[in-house]
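To find a chain, count down the sequence lines: A is the first, B the second, and so on, and within it residues start at 1. A quick note: this is a predicted structure, and the numbers were derived from the prediction, not measured.
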Amino acid sequence: MTNARPDHTPEYILVGVAWPYASGPRHLGHAAGAYVPPDIFARYQRMIGNHVLMVSGSDMHGTPITVAADKRGITPRQLAEENHAGIAASFERLGLAYDNYTTTLTPTHYRVTQDFFTTLLDKGYLFEATETAMYDPQAKRFLPDRYVEGTCPHCGYEDARGDQCDNCGRTLDPIELIDPRSKITGATPETRETNHFYLDLPKFQTALEAWVGEASVNWRPAVTGFTQGWLKEGLRARAITRDLDWGVPIPLPGYDDKRIYVWFDAVIGYFSATVEWGELRGEPDAWKKWWALDEHGRAPGRMYNFIGKDNVPFHTVIWPAMLMGYGGLALPYDVPANEFLTIDGMKLSSSRMYTARLPFLPEALELFDADAIRFFLTINAPENRDTDFSWDDFQRRNNDELVATYGNAVHRLLSFLQSKYDGVVPTPGDLTDADRAMLATMESTFSEVGNDIDKVKLRDGLRGVMALATALNRYLDDAAPWKTIKTDPERAATSLWTALQVVAALRVLSAPFLPFSAERLHTLLGDEGSVHALPWQPLGLPAGRSLPKPEPLFRKLEDDDLAALLDRLKPTVVDTGEPT
RNA sequence: GCCGACGUAGCUCAGCGGCAGAGCAAGGGACUCAUAAGCCCUUGGCCGGUGGUUCGAUUCCACCCGUCGGCACCA
């Protein structure tokens, strides 16, 4: 990319996006929390001329996928690949511009994961130990804690899960359960001894405390608080292997019945996906530009991990520890974790009717424009706390904000140009103070919105874009070219020209947030190529250019339409293999 | 139970030591280029509760209540 201004030294920015778990489709909450924000951020960073690599992929391993596959009588690979294809298709329709969206099943990922394992083992950061685990003799498999249920020893609740009692909220050990049974077969689990490899996190305690102390200055309070909590409690070793036949094989002889477990291999994906990106381009060393520390131990750029809040310790404690142990690779610069989207004030649920659950991405994208979805998820993004989703609010923000403020500012102007000037951009006369003020506001919006996005305050950034649209509406009302065209044609022409420059800027400013409509506006302004190849600065609209007949940028959602659409949103049941 | 974040106008959310803010909703007005969209004006809050620190607290501290999340075998 050559968008850099002369005074800008391009930075290497790695945008690592949380790896969606391929157990089923993702819903709007996932998109709001982890998937749309990095896309906005990455698009902006590209426009200012940085070397951006946005990578992620589907997380294909883990127990829930094996359980769901067993129930359907297919292999875990089939199930995961089917879900991966669905997720990738949704992401494309949402406009997520990944440089590499891959999976944890690639040869590169297996090789890199095994290399991490071997290196950490050789350096003494892994150890082997025996533990007692629950085993389902009927299913012939070991059971994770939450796949065992029984009576809670604290409150007597009969359907307590092995990890936690949903009734009294206490954390449990499955061995404590009275009358335990397997969630998969109902059989009574046995306890068995089994051997596993552990990541020796206590060895990183001091180094992590030092790193978090420095790195967390710009983190969100919840991210820092959560991380400090883990550190204060004292790190414990954590098993990184499981008794499964689905996962990355352990690169040692004699461990055929065990696999490296998902959380260990999934975070490595940020790195392996970068390596794979280079390999696919025939540049096997390209990853070094984002990851390799220099001789002073300095990172080559900034590394971001966009995740949901449930994922924080993996990205601020465990993954950094793995990177420190491996050596020579950059640690995260920021981990912008979002809170959750709730639905109609309730905790989200994937098992309720549409009125009480967040829609899955495929259905949402079937019913609504991607930009309308992106707009809602960003203008009300759960950056500091949980935010609420409701269909009323979705409709209102679409109609009263996106359509009425931004869409209409563009459309009223282009329509006026079409009807009174035959669509030809007029030549301006002398600028008034009001004209100059409008253009100055437009200029400053670039730096304001840019700063917001760079600080990952995406909600503020989008509000800044909307504020410019509002300012344009005000300017037009004040200038009233529909009046001055009768009394002072040159004044009207100048007002129109000024307003058109602002619309031309809005096309650029909105591009990271609303990529599809920005592209449509780009075309409506008679420009060639893609808006996404433009630099982050005003692009003028020359006098004399003839613009095509305008069409509204966005679709208004009428009550009847919305009701009809929601009527098609039938209850969807997806078995993700998760215990309920 | 323990840890963390959050609790601000009817709704959705900003602000975080010095006369309480935005958008939307509600009420009123002038206009007509526009998907009856836009613009102007107005109404509206003991900033969850109690105590403390301070000249001064929505903002800092403690406790309480509520919501959400985590508590290491979900990812």
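Contact annotation for A/D392: no contact, since no heavy-atom pair falls under 4.0 Å across all strands. Among the heavy atoms of the strands, none lies under 4.0 Å from A/G308. Within 4.0 Å of A/V262, counting heavy atoms only, lie sugar-phosphate atoms of the nucleic acid but no base atom. Across all strands shown, A/W19 has no heavy atoms under 4.0 Å from either base or sugar-phosphate atoms.
Evaluation of the side-chain contact (heavy atoms from CB on, under 4.5 Å) rule for A/D435 yields A/L431, A/T432, A/Y475, A/R491, A/T494, A/T498 as partners, not counting sequence neighbours. Not a single side-chain hydrogen bond (donor to acceptor under 3.5 Å, both in side chains) links A/T191 to another residue, sequence neighbours left out. Applying the ring pair (Phe, Tyr, Trp, His ring centres under 6.0 Å) test to A/Y135 and every residue at least two apart in sequence or in another chain returns A/F142. Taking the side-chain contact (heavy atoms from CB on, under 4.5 Å) definition, one finds that A/E558 meets it with A/K556, A/D561, sequence neighbours left out. Applying the side-chain hydrogen bond (donor to acceptor under 3.5 Å, both in side chains) rule to A/Y270 yields the partners A/H315; only residues at least two apart in sequence or on another chain are considered. Applying the side-chain hydrogen bond (donor to acceptor under 3.5 Å, both in side chains) rule to A/E551 yields no partners; only residues at least two apart in sequence or on another chain are considered. Partners of A/H411 according to the ring pair (Phe, Tyr, Trp, His ring centres under 6.0 Å) rule, which considers only residues two or more places apart in sequence or in another chain, do not exist here. With sequence neighbours excluded, the residues forming a ring pair (Phe, Tyr, Trp, His ring centres under 6.0 Å) with A/Y125 are A/F204, listed by chain and number.
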Legend entry - Contact state string [nucleotides 21-28 of chain B, B base, S sugar-phosphate only, - no protein heavy atom under 4.0 Å]: --SSS---
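Between B/C74, B/U35, B/A72, one nucleotide has an atom nearer to the side chain of A/R146 than all others, and that is B/C74. Closest to the side chain of A/T470, from the set B/U35, B/C39, B/U12, is B/C39. Which of B/A37, B/G4, B/A72 sits closest to the side chain of A/K556 comes down to B/A37.
In summary, the side chains of A/E383 and A/N338 do not present any donor paired with an acceptor at a separation below 3.5 Å, with no hydrogens or angles considered.
Pairs passing the salt bridge (charged side-chain N to carboxylate O under 4.0 Å, His left out) check and including a residue from residues 467-488 of chain A, sequence neighbours excluded, read A/R412-A/D477.
Projected onto RNA chain B by closest heavy-atom contact, A/A469 and A/Y21 fall at different nucleotides, the more 5' of which corresponds to A/A469.
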Inset, instruction - For RNA chain B, just give me the dot-bracket, please: Watson-Crick or G-U, both distances below 3.5 Å, ( ) intra-strand, [ ] crossing earlier pairs, | paired with another strand, . unpaired. - result: ((((((((.[[[[.)..(..]]]].((((.........)))).....[[[[[..)....]]]]])))))))....
Give each protein N/O atom lying under 3.5 Å from an N/O atom of nucleotides 32-34 of chain B, with the pair distance.
| from | atom 1 | to | atom 2 | distance (Å) |
| --- | --- | --- | --- | --- |
| B/C33 | O2' | A/R412 | O | 3.1 |
| B/C33 | O2 | A/R412 | NE | 3.0 |
| B/C33 | N3 | A/R412 | NE | 3.3 |
| B/C33 | N3 | A/R412 | NH2 | 2.5 |
| B/C33 | N4 | A/R412 | NH2 | 3.0 |
| B/C33 | N4 | A/D477 | OD1 | 3.4 |
| B/A34 | O2' | A/N408 | ND2 | 2.7 |
| B/A34 | N3 | A/N408 | OD1 | 3.0 |
| B/A34 | N3 | A/R412 | NE | 3.4 |

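A/D310 has its CG atom 12 Å from the P atom of B/C74, to the nearest Å.
Classification of A/D369 and A/R555 as a salt-bridged pair holds, one side-chain N sitting under 4.0 Å from a carboxylate O.
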